Number of protein chains: 2
Amino acid sequence: MASVTMIEPNGHFCSDCAVRGVAVCASLDPAELREFEHLGRRVHFASGETVFSEEDITTSFFNLLEGVMRLYKLLPDGRRQIVGFALPGDFLGMNMSGRHNFSADAIGAVTVCQFAKVPFGRFIEDRPHLLQRINELAIRELSQARDHMVLLGRRSADEKVATFLLGWRGRLVSLRGSSNTVPLPMSRQDIADYLGLTIETVSRTFTKLERHGAIEIVHGGINLRDAARVEALAAA
Amino acid sequence: MASVTMIEPNGHFCSDCAVRGVAVCASLDPAELREFEHLGRRVHFASGETVFSEEDITTSFFNLLEGVMRLYKLLPDGRRQIVGFALPGDFLGMNMSGRHNFSADAIGAVTVCQFAKVPFGRFIEDRPHLLQRINELAIRELSQARDHMVLLGRRSADEKVATFLLGWRGRLVSLRGSSNTVPLPMSRQDIADYLGLTIETVSRTFTKLERHGAIEIVHGGINLRDAARVEALAAA
DNA sequence: AAACCCGATTGACCCAGATCAATTTTGACG
DNA sequence: CGTCAAAATTGATCTGGGTCAATCGGGTTT
């Protein structure tokens, strides 16, 4: 992929960062924030670009500022499992040592705040509250990962799709506020690889939900017509 | 379940604890260890007993000392997904706040080192290296969780079983040293719920592996006859 | 050692979701 | 606006693994 990556030439200010309240940096006081500012640099990625790859040695951490990313693992024969979608505020690559254990692509244009591992590690060292914040995030992710295992191992296609729609909507709501329109910037293939299904099954399930009046498929997303019905499907 | 739980009346010594080298406490120096000693108490659980349940408010953390545990989540209708098996040295319940997000049962007799949340939290506060150790463990678990998502979402039954056997053997080897005999203390149902399969499929797959000379099914476990063949199946 | 229980195995059959194969829709570009 | 390419939908068919139903041990109780 031709790199359309761009690194901003000049500084920026954490204090008016869009994700200031949710991200790792939420645990920093104004004085720390000023110092922190020098560690990160904003980097842009074009749609489809890979931000980092599984098995790359970890040299940077990333704080997603704008856009959506898919996080995935590949089997040698090409089968793909998407282990999560990242949204603004998510902190990626927290492997203090060693290698990344998944790859991350931009879905649409993306802006990240990139930190070099070593200075970031030094900054953390005498700031246990930041480490604690990172630990909290890791534990939250672990909990999400376990929920996703239940979905992958024990849920039917209908339940998977319904659970995905509600979960994705939930995340967008807490980020942008409530709405019945659920944008789906990822492709059907991405959704399929996230849910452990094929693209055809995802498509058919969407159509089925629409026929039953539960959702309406619109360009670039869906409208939740009957949230209760979708919830009933997801709960099962 | 009738509680056969037993709490040891008197103290014990961390310094000669079986899991001293692997567990969270590996990050403590001898002086700290003596203080730490007063925080934990050994507790025994009989086979099948529940150590803690999903949605219980977290009041304790557990360090598994002896035995095996199954960690699982249930859907409202009873479907179960085992999210992992715990072995000695594993640290359970690391939700600094809130609730456990899975349940944990003893598989066979189990001994844990139980820590009350509050004093443990206080102990951590001024020992960032312990927090760092816990963070490392969380990140390792996260990585395992993602690997398991790939298995659940994208692997065939044969691959699942082969991967499980090798992974389980690997953990036992690093704990007890190499051997071609792989004890399987968990039931077929447990294995099925771990792999997102049914008990029948697990049983059939074992039989198939045995017919092909890859393994030999023995009482309480299996013998690895042809590790290379099993590895080939798992890699696929 | 007979009776019983419970986990594991095996067989017969079925079905949810995969696979294969066309369309149809959408979007990018000249 | 027309042309192409990629994404999404839809249909027809197939199959891996689930479901249902015996049967088979191995251990424990009496």
Side-chain angles (χ1 to χ4, degrees), chain A residues 1-2 4 46-48 70 75 77-81 105 107-109 151-165 183-212 215-222 233 236, chain B residues 1 47-48 70 75 77-81 105 107-108 151-165 183-212 215-222 233 236:
Chain A
M1 167 138 333
V4 201
S47 187
R70 62 174 160 256
L75 289 175
D77 65 1
R79 281 174 288 177
R80 185 178 69 160
Q81 177 65 46
D105 292 347
I107 296 178
L151 177 139
L152 290 171
R154 286 298 180 227
R155 285 183 172 283
S156 70
D158 288 1
E159 292 170 350
K160 284 176 174 181
V161 171
T163 305
F164 163 69
L165 288 177
L184 297 173
M186 69 290 286
S187 70
R188 294 289 189 267
Q189 186 64 66
D190 288 340
I191 297 175
D193 287 347
Y194 181 61
L195 300 177
L197 298 172
T198 60
I199 191 176
E200 293 93 333
T201 300
V202 170
S203 188
R204 278 190 253 270
T205 307
F206 273 17
T207 313
K208 184 161 71 170
L209 286 173
E210 187 170 46
R211 266 203 313 272
H212 293 18
I215 66 170
E216 181 189 0
I217 302 170
V218 296
H219 178 79
I222 59 117
L233 260 176
Chain B
M1 168 138 334
S47 186
R70 61 173 159 256
L75 289 175
D77 64 2
R79 280 173 290 176
R80 184 177 69 159
Q81 177 66 45
D105 292 346
I107 295 178
L151 177 140
L152 290 171
R154 287 298 180 223
R155 284 182 172 285
S156 70
D158 288 2
E159 291 170 350
K160 284 176 175 182
V161 170
T163 305
F164 163 69
L165 287 178
L184 297 174
M186 69 291 284
S187 69
R188 294 289 189 266
Q189 185 65 65
D190 288 341
I191 298 174
D193 286 348
Y194 181 61
L195 299 177
L197 298 171
T198 60
I199 191 175
E200 293 94 333
T201 300
V202 171
S203 189
R204 277 189 255 269
T205 308
F206 273 16
T207 314
K208 183 160 69 172
L209 285 174
E210 188 171 46
R211 266 203 315 271
H212 292 18
I215 65 170
E216 180 190 359
I217 301 171
V218 296
H219 180 78
I222 59 117
L233 261 175

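Computed from a predicted model, the values in this text were never measured in an experiment. Below, chain A is the first sequence line, B the second, and so on; all start at residue 1.
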Q. How many Å lie between CG on B:Asp158 and P on D:dG18, as a whole number?
A. 12 Å

Q. In whole Å, what is the span from the CZ atom of A:Arg79 to the P atom of C:dA18?
A. 13 Å

Q) What nucleotide among D:dT19, C:dT9, D:dA8 has an atom nearest to a side-chain atom of A:Ile199? A) D:dA8

Q: Respond yes when some side-chain nitrogen or oxygen of B:Ser203 is under 4.0 Å from OP1 or OP2 of C:dT9, and no when none is.
A: yes

(Q) Is it the case that the base of D:dT10 and the side chain of A:Arg188 share a donor-acceptor contact (distance under 3.5 Å, atom types as modelled)? (A) no

Q) Counting just side-chain N and O atoms, does A:Thr207 come under 4.0 Å of either OP1 or OP2 of D:dT9? A) no

Q: State whether the distance check finds a donor on one side and an acceptor on the other, under 3.5 Å, for side chain A:Glu200 versus base C:dC20.
A: yes

**Q.** Worked check of side chain to side chain contact (heavy atoms under 4.5 Å, CB included) between A:Val202 and A:Lys160
**A.** CA-CA 9 Å; A:Val202 170; A:Lys160 284 176 174 181; over 6 Å; no

Q: To the nearest Å, give me how far apart CG (A:Leu197) and P (D:dG17) are.
A: 15 Å

(Q) Between B:Thr201 and D:dG18, is there a contact of a side-chain N or O with OP1 or OP2 at under 4.0 Å? (A) yes

Q: Check whether any side-chain nitrogen or oxygen of B:His219 sits under 4.0 Å from OP1 or OP2 of D:dG27, and answer yes or no.
A: yes

Q | Value in whole Å for how far the C1' atom of D:dG16 lies from NZ of B:Lys160 | A | 11 Å

Q) Can you check whether A:Ser187 has a side-chain N or O nearer than 4.0 Å to OP1 or OP2 of D:dA7? A) no

Q: Using a heavy-atom cut-off of under 4.0 Å over every strand shown, decide if B:Gly220 touches base, sugar-phosphate, or nothing.
A: nothing

Q) Is the base of C:dG11 touched by the side chain of B:Arg204 through a donor-acceptor pair closer than 3.5 angstrom? A) yes

Q: For B:Arg155 and D:dG16, give me the distance from atom CZ to atom P, rounded to whole Å.
A: 17 Å

(Q) In this structure, how many angstroms lie between the C1' atom of C:dT25 and the CD1 atom of A:Ile217, rounded? (A) 13 Å

Q) Rounded to the nearest Å, what distance is computed from the CE atom of residue A:Met186 to the P atom of nucleotide D:dA7? A) 15 Å

Q | Under-4.0 Å salt bridge between A:Asp158 and A:Lys208 | A | yes

